[in-house]
Amino acid sequence: QVQLVESGGGLVQVGGSLRLSCAASGRTFSRYTMGWFRQAPGKEREFVSAITWNGGKRAYADSVKGRFTISGDNAKNTVYLQMNSLKPEDTAVYYCAADPDSQLSSNLIDYDYWGQGTQVTVSS
């Protein structure tokens, strides 16, 4: 079974940093797109970032460009999201997701596998 497990969330002050991790298991993910999404209370789940190692492709939502960096360790089937200059608007549950192809999609419907989420809270 595919398993995605997020970690690294927590409470930080505005302007601070967090690094989220997503450990994937159950498949060989080298050809997958790995994505990060987030959902704040009362809001729809939204795309944050995605990466595909084989194609060297990365994508970011406009709201996080210049502040967040996605990276991966293919050998460990682990993807990271380095979040800097955090804002209160970044407060959300962050979800790791996996798309079986390498299209670097930003669409929720293209992702077949999801983690349980990790809470990020940015205090002001």
Side-chain angles (χ1 to χ4, degrees):
Q1 307 93 327
V2 172
Q3 296 282 337
L4 304 176
V5 180
E6 303 96 332
S7 61
L11 175 64
V12 298
Q13 294 180 323
V14 62
S17 297
L18 282 174
R19 188 192 192 206
L20 305 183
S21 298
C22 173
S25 62
R27 295 285 192 279
T28 299
F29 291 92
S30 60
R31 296 184 180 89
Y32 278 52
T33 297
M34 304 297 294
W36 286 98
F37 294 77
R38 67 187 183 186
Q39 187 167 20
K43 301 293 185 180
E44 297 293 320
R45 191 169 298 186
E46 65 177 359
F47 172 77
V48 176
S49 187
I51 184 171
T52 178
W53 291 278
N54 290 351
K57 300 175 182 177
R58 294 173 174 83
Y60 298 93
D62 289 341
S63 59
V64 306
K65 286 180 179 178
R67 300 189 297 120
F68 291 10
T69 303
I70 190 169
S71 62
D73 185 335
N74 181 251
K76 296 181 179 179
N77 287 331
T78 301
V79 65
Y80 306 95
L81 186 68
Q82 178 67 47
M83 306 186 295
N84 298 326
S85 302
L86 283 163
K87 305 174 180 179
E89 306 92 270
D90 297 317
T91 296
V93 176
Y94 283 71
Y95 296 91
C96 179
D99 177 356
D101 64 28
S102 57
Q103 66 185 32
L104 203 69
S105 176
S106 61
N107 295 323
L108 286 164
I109 60 173
D110 292 326
Y111 289 80
D112 291 351
Y113 309 105
W114 294 83
Q116 82 287 352
T118 185
Q119 177 71 47
V120 172
T121 302
V122 184
S123 64
S124 60

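Residue indices begin at 1 and follow the sequence shown.
- Among residues at least two apart or in separate chains, there is no salt bridge (Lys or Arg N to Asp or Glu O under 4.0 Å) pair with a member in residues 102-111.
- Residues satisfying the side chain to side chain donor-acceptor pair (under 3.5 Å) criterion with Asp90, sequence neighbours excluded, are Arg38, Arg67.
- Screening residues 6-27 for side-chain hydrogen bond (donor to acceptor under 3.5 Å, both in side chains), with sequence neighbours left out, gives Glu6-Gln116, Ser17-Asn84.
- Among residue pairs with one or both ends in residues 68-87, none qualify as salt bridge (Lys or Arg N to Asp or Glu O under 4.0 Å); sequence neighbours excluded.
- Side-chain contact between Val2 and Asp112: absent, with no pair of heavy atoms (C-beta onward) separated by less than 4.5 Å.
- Heavy-atom minimum distance, Met34 versus Ile70: O-CD1, 3.9 Å.
- When all heavy atoms of Ser105 and Asp99 are compared, the closest pair comes out as CB-OD2, 3.9 Å.
- Checked by atom type and distance alone, the side chain of Thr33 pairs as donor or acceptor with a backbone atom of Leu104 at under 3.5 Å.
- Residues near Tyr80 contribute nothing to a hydrophobic cluster around it, because no ILVMFWY side-chain heavy atom sits closer than 4.5 Å to its side chain.
- In this structure, the side chains of Cys96 and Trp36 come closer than 4.5 Å at one or more pairs of heavy atoms.
- Side-chain atoms of Ser49 do not come within 3.5 Å of backbone N or O of Tyr60 as any donor-acceptor pair.
- Considering every non-hydrogen atom in both Pro100 and Tyr113, the closest pair reads CG-CE1, 4.2 Å.
- Distance CD/Gln119 to CG/Leu11: 9.5 Å, rounded to 0.5 Å.
- In this structure, the separation between CG on Asn77 and OG on Ser30 is 7.5 Å, given to the nearest 0.5 Å.
- Val14 approaches Pro88 most closely through the heavy-atom pair CG2-CD, 3.8 Å.
- Separation of atoms OG (Ser123) and CG (Leu86) is listed at 10.0 Å; rounding is to 0.5 Å.
- Between Ala98 and Leu4, the shortest heavy-atom distance links the atoms N-CD1, 3.8 Å.
- The distance from the CE atom of Met83 to the CG atom of Leu18 is 4.5 Å, given to the nearest 0.5 Å.
- Grouped by direct or indirect side-chain proximity (heavy atoms under 4.5 Å, Ile/Leu/Val/Met/Phe/Trp/Tyr only), Trp114 sits with Phe37, Phe47, Val93, Tyr95, Leu108, Tyr111.
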